[in-house]
Amino acid sequence: MTKADSPPLAPSDKQPPHVKIPEPPAKKVGWAIVGLGQLAIEEVLPAFGQCDLAKLVALVSGHPEKAKKVAAVYGVDPKQIYDYSSYDTIAENPAVDVIYIILPNSMHAEYTLRGLKAGKHILCEKPMATSVAECEQMIAAAKTARRQLMIAYRLRYEPFNVEAIKRCREGQLGKLKTMRATNGQNTQAPNIRLSQTLGGGPLQDVGIYCLNAFRYLTGEEPIEVSATAHQPKDDPRFREVPETVAFALKFPSGTIAQGDCSFGTSEARRYDVHGTHGSLHLDSAFAYLGQRLILRDSKMASELNLSPVNHFAAEMDHFSECVLSGKESRTPGAEGLADLRVITAIQEAIRTGRTVALNT
Ligand code: NDP
């Protein structure tokens, strides 16, 4: 065989058929984190590494040395660090699309309003604010600014709670009759959660997960609330906020839900749902990981295996996608407002010792 007859060993003009040319990388949404506390440092900032659509571009903090250190770890340009007085100038920063508010609860409304005024989309931590009036103001401001406002209910973006919602709402347990949820921890001082001025308290911090779960599992708004609380006089942690709150909600379909939350118990985060044909139990329901979903009918119990995800990466990617596509998030401001209405009714029930009716 002459050289001219021999076949080429590799075609120079095209790739072999099994080689896939990668798509150009998806456009990423730029995020600024406001408040470098425990949640931001331990959970949210590391979660950016698992995001497909969200990238960290700016930090807002009252402590410049801490912010510089954090910026160095995550490759944030030191010029992209703001403090609480320069925060509004973020309006001039085109790299920031979304602001994530991770401040004490009493500051959520102010920093959301200022962020919206700066023309940015807002992800605000739970509870949305400290009053129904603040929530309404935040929703109105987002509408005026034509920007999205999402509340950081991370469990709506993780597969175990999503599966529980599907099973409850599709009637797989039959008619839902009773639900029970517990969210408790032993909160040590000093802590924003123990300060009334900063919007703390077990109901606002952990009890909100129980009542949010009752709302997302039933898909209904409660019509009646009763509640009680305990604030021990001999424990200095509870000078300003109760230690324990327990409440019962009645829903229009007749489902009765009982929730309790505490800053004085060892960690316990779970719920049970009982329907006419079956029940489900979600262990570690409100934790960052470790969810276990057990389903029961009259004959047997089984555990459902699902692949866990990082809750924070999932919610940040969801919101980034909403910002890119213009579609509304699964947990907009209206969700935070609905919870604040129930929290307010629970507080009234505790104060008056009476059952409080809620208008739906
Ligand atoms: P931390 O107390 O750890 O952090 C709050 C940060 O806010 C501080 O580090 C500080 O950041 C900033 N800050 C500004 N002003 C004040 C002030 N007057 N007092 C205290 N801090 C101030 O709280 P967490 O990170 O635990 O919680 C923050 C928010 O996140 C709360 O709304 C909480 O409900 C929510 N959260 C949500 C969780 C979830 O799973 N979705 C879990 C945990 C909390 P800097 O020094 O940078 O200014």
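Order of listing sets the numbers, starting from 1, for every ligand and every atom in it. No experiment lies behind these values; they were computed from the predicted model shown. Along the sequence shown, residues carry numbers from 1.
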Starting from atom 40 (O) of ligand 1, what is the nearest protein heavy atom, named by residue and atom, and what distance separates them?
R154 NE, 2.6 Å

When distances are taken from atom 10 (C) of ligand 1, the protein heavy atom at minimum range is Y84 OH, 4.0 Å

Out of V70, V44, L36, indicate the one that has the non-hydrogen atom closest to atom 11 (O) of ligand 1.
L36

R193 neighbourhood, listing ligand 1 atoms whose heavy-atom distance to it stays under 4.0 Å
24 (P), 26 (O), 27 (O), 43 (C), 44 (C)

Counting heavy atoms only, which of P104, G62, P64 is nearest atom 22 (C) of ligand 1?
P104

So does E303 pair up with R296, basic N to acidic O under 4.0 Å?
no

One residue to check: N191. Relative to ligand 1, which of side chain, backbone, both or neither has a non-hydrogen atom less than 4.0 Å away?
neither

Where on K66 is there a heavy atom closer than 4.0 Å to ligand 1, on the side chain, on the backbone, on both, or on neither?
side chain

Does some non-hydrogen atom of Y153 fall short of 4.0 Å from ligand 1?
no

Starting from atom 34 (O) of ligand 1, what is the nearest protein heavy atom, named by residue and atom, and what distance separates them?
K126 O, 2.9 Å

What is the closest protein heavy atom to atom 42 (C) of ligand 1, and at what distance does it sit?
Y288 OH, 3.2 Å

Atom 1 (P) of ligand 1: nearest protein contact (heavy atom, Å):
Q38 N, 3.9 Å

Looking at K126 and A152, what are the two nearest heavy atoms and their distance?
CG-O, 4.0 Å

Ion pair E158/R154, N-O distance below 4.0 Å:
no

Checking a contact table here: which protein heavy atom is nearest atom 38 (C) of ligand 1, and how many Å away?
L39 CD2, 3.5 Å

Heavy-atom nearest neighbour of atom 47 (O) of ligand 1 within options S61, G35, A40:
S61

Angle class for the F319/H121 ring planes (parallel below 30°, perpendicular above 60°, tilted otherwise)?
perpendicular

Considering non-hydrogen atoms of the protein only, which is the closest contact for atom 9 (O) of ligand 1, and what is the distance?
G37 CA, 3.1 Å

Ligand-side contact atoms (ligand 1) for residue partner H108, heavy atom cut-off under 4.0 Å
32 (O)

Does atom CZ of R169 have more than 12 heavy-atom neighbours from other groups under 6.0 Å away?
yes

Side-chain donor or acceptor of E125 paired with backbone N/O of I102 under 3.5 Å:
no

F286 touching ligand 1 at heavy-atom level, < 4.0 angstrom
no

Could you check whether D272 pairs with R180 (Lys NZ or Arg NE/NH1/NH2 to Asp/Glu carboxylate O, under 4.0 Å)?
no

Quick check on contacts: which atoms of ligand 1 are under 4.0 angstrom from a heavy atom of D205?
34 (O)

Residues R215 and A338: closest non-hydrogen pair is NH2-CB, 3.2 Å

Nearest option to atom 2 (O) of ligand 1, as decided by whichever heavy atom of I101, I192, L198 sits closest:
I192

Between Y74 and F48, is the ring centroid distance below 6.0 Å?
no

May I ask you to decide if the ring planes of Y271 and F286 are parallel, tilted or perpendicular, using 30° and 60° as cut-offs?
tilted

How far is atom 28 (C) of ligand 1 from its nearest protein heavy atom, and which residue and atom name does that atom have?
I102 O, 3.5 Å

Report the distance from atom NZ of K120 to atom OG1 of T112, rounding to the nearest 0.5 Å.
15.0 Å

Can you tell which of M107, E125, E315 gets a heavy atom nearest to atom 35 (C) of ligand 1?
E125

Using ring centroids (six-membered ring only for Trp), state whether Y157 and F312 fall under 6.0 Å.
no

Atoms of ligand 1 under 4.0 Å from any heavy atom of Y209, numbered from 1 in the order shown, are 38 (C), 39 (C), 40 (O), 41 (N)

Is Q204 touching ligand 1 with its side chain, its backbone, both, or neither, if touching means heavy atoms under 4.0 Å apart?
neither

For the residue pair I139 and A334, what are the closest heavy atoms and their distance?
CD1-N, 3.8 Å

